[in-house]
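Step one of this worksheet: look at the structure below.
This one's a predicted model, so the numbers in the text were calculated from it and none came from an experiment. Side chains are part of it too, since the values below use all heavy atoms of this structure and drop only hydrogens, waters and symmetry mates.
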Amino acid sequence: MSMLELTNIETYYGPIMAIRGISMQIEENQITVVLGANGAGKTTVLKTICGAMDPQKGKIKFDDQEIAKQDPDQIARRGIGHVPEGREVFPFLTVAENLKMGAFSRSDGDVDQDLDTVYEYFPILKEKHHQQAGFLSGGQQQMLAIGRALMLRPRLMLLDEPSLGLSPRLVHKITEIIKRLNTEQQMTILLVEQNAKMALDIGDYGYVMELGRIVMEDTCERLRTATDIQEFYLGMKDEGVRGRRRWKHRKTWR
Amino acid sequence: MEVVFQLLLSGISQGCVYGLIALGFVLIYKATEMVNFAQGEIMMLGAFFAFTFISILELNFFLAVAATIVSMAICGALLERVVLRPMIGEPPFSVLMLTIGLGFLLRAIAGAVWGSEPKSLSAPYTGGVFNVSGVIIGYENLVIIAGTALLCSLLFVFFKFSRLGIAMQAASQNQLAAYYVGIPVKRIYSMVWALSAAISAVAGILVAPVSLIDPLMGFIGIKAFAAAIVGGFGSLPGAIVGGLIIGIVEQFASLYLPPGFSDVTAYVILLLMLLIRPEGIFATMQRKKV
């Protein structure tokens with residue numbers, strides 16, 4: 001049985017249909033990736049899962065329990081951590097306070113221990129634990145956002161474009177951390193990315209979205225070798241005789 | 001010289017009251033981005049509650065103060081839950097109209113329940129004075145200043161060190177992120193309203209022995225609103241400082257300027273402030289990212 005199961009989800013922004021009937025299964029201990037261009041609806045899927053948006057139709061089952069239309073804080077308490085797009089830290093709280101807020105819903109005594117774990121993953125946060133989060137650099141804020149979600153001790157972690165706006169070196173570092181979380185903490189991860197290469201490198205199973213629909217799904221291994229993926233997302237194109245591509249071969253799902 | 005001290009002292013005590021009501025404005029604005037124009041009326045209600053507990057039910061003074069604060073906190077949370085929560089997501093102007101209407105409603109209710117003739121509240125410390133080399137200090141004024149100082153330090157500790165206080169700040173800084181980490185934002189909003197109403201109730205209790213209690217006393221809320229803007233709407237220390245400035249200048253204006261000027265000083269300061277430094281003294285507002 002899958003840990004998280006979406007069945008025929010439809011989500012609207014007012015009159016605009018952003019998600020046009022999506023079904024997904026996220027298996028335990030796996031890294032599932034969602035690829036897609038801007039406006040494909042990737043972020044909306046995550047927002048629908050974590051309760052920030054309500055689906056008009058469809059079912060969301062986490063551990064076989066329906067969670068659609070619950071408040072986001074209740075869903076978070078069930079063990080779904082969310083690293084939102086654009087980091088969204090609490091700018092006027094210190095780094096340490098930000099992290100402690102991540103554990104707000106927990107009442108067990110292991111919070112300090114988890115704080116150490118987060119500092120171990122991200123030593124820079126320990127160094128700056130007394131600074132206001134708003135003054136951190138983009139990469140540090142991203143680490144803080146991931147650390148804050150870790151403090152919830154989630155069973156499922158939703159990551160929304162963690163590589164957005166980061167240097168290649170930082171992207172590499174964040175990728176390493178995601179892999180470590182998956183292997184060391186047995187954390188299930190749903191990763192939404194535009195950086196297809198990075199996502200397909202670490203992912204186990206992948207979905208490709210376009211205009212609110214899933215147009216392709218397969219194991220990441222097979223997705224990496226699929227010609228459409230290579231062409232549209234990995235930038236590898238077979239060139240024509242005169243070094244130009246023929247429009248005949250251009251493919252779109254629209 | 002004594003006159004200056006005398007004015008300064010009464011200015012500070014009056015300013016404390018403005019500051020406390022301004023604190024209520026700012027708390028609610030920071031957390032929920034709504035401006036509650038019924039803040040003055042909530043203070044008035046607090047004063048009437050205190051009057052009921054002390055003069056009608058004849059409770060022990062401290063017990064009555066505690067009862068007033070608790071019951072006003074409950075009232076605040078109820079107001080949020082019943083009247084304002086359905087307005088989440090509505091345009092700010094509708095919320096503004098709603099709270100202005102709420103003010104009218106509370107005035108009418110107070111008039112119907114307690115009558116519109118002014119009442120006086122007697123606290124155990126009423127009437128006593130210190131005489132420090134010609135400067136006469138009423139106990140009531142001292143209690144206002146001490147009470148405000150105490151309340152402010154309690155609030156400081158609460159927001160700096162308690163989990164709930166930090167969560168309130170978190171919810172006001174980034175509502176969505178607060179949801180994502182599992183903070184029950186809606187419940188936090190109710191608690192912010194409760195806290196704000198409780199602070200206003202304290203202001204009501206403190207001011208009641210020096211002024212009279214009547215349904216129209218809530219109009220000083222407008223001056224407190226000016227104080228909140230002068231302090232930089234969105235800053236808690238700014239609210240108190242803004243209140244003190246307006247309180248002190250008002251007292252001096254009443255002596256040195258022609259009669260009638262003292263009532264408009266709050267707005268003159270407000271206008272000057274908006275001309276010179278529109279973001280207020282303690283500008284903490286960060287530009288909102290879209």
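- For A:A145, no part lies near chain B; criterion is any non-hydrogen pair under 4.5 Å.
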Give the C-alpha distance, both sets of side-chain angles, the deciding distance and a yes or no for side-chain contact (heavy atoms from CB on, under 4.5 Å) between A:K100 and B:I166.
CA-CA 9 Å; A:K100 278 180 191 148; B:I166 297 176; over 6 Å; no
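- Between the side chain of A:E88 and the backbone N or O of B:L176, no donor-acceptor pair lies under 3.5 Å.
- Of all heavy-atom pairs spanning A:E97 and B:K160, the tightest one is OE2-O, 3.9 Å.
- In terms of heavy atoms, A:L93 sits closest to B:Q173 at N-OE1, 3.5 Å.
- With hydrogens and angles disregarded, a donor-acceptor distance shorter than 3.5 Å links the side chain of B:R163 to the backbone of A:F104.
- To the nearest 0.5 Å, atom OH of residue B:Y180 and atom CD1 of residue A:I75 are 10.5 Å apart.
- The number of heavy atoms from other shown groups lying within 6.0 Å of CZ (B:F158) is above 12.
- At a 4.5 Å heavy-atom cutoff, A:V83 makes no contact with chain B through either its backbone or its side chain.
- Between A:R77 and B:P184, the closest side-chain pair of non-hydrogen atoms falls below 4.5 Å.
- Summarising the geometry, atom CZ belonging to A:F90 is positioned 10.5 Å from atom CD belonging to B:Q175; distances are rounded to the nearest 0.5 Å.
- Counting all heavy atoms, side chain and backbone alike, B:G182 lies closest to A:S105 at O-CB, 4.1 Å.
- The number of heavy-atom neighbours closer than 6.0 Å to CZ of A:R106, taken from other residues, nucleotides and ligands shown, is above 12.
- One finds the CG atom of A:D73 at 7.5 Å from the CZ atom of B:R187 (value rounded to the nearest 0.5 Å).
- For CZ of B:F93, the number of neighbouring non-hydrogen atoms (other residues, nucleotides, ligands) closer than 6.0 Å is 12 at most.
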Candidate pair A:Q74 and B:Y179, rule side-chain contact (heavy atoms from CB on, under 4.5 Å), full reasoning:
CA-CA 9 Å; A:Q74 286 170 316; B:Y179 262 133; over 6 Å; no
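- Around the OH atom of B:Y267, the shell of radius 6.0 Å holds more than 12 heavy atoms that belong to other residues, nucleotides or ligands.
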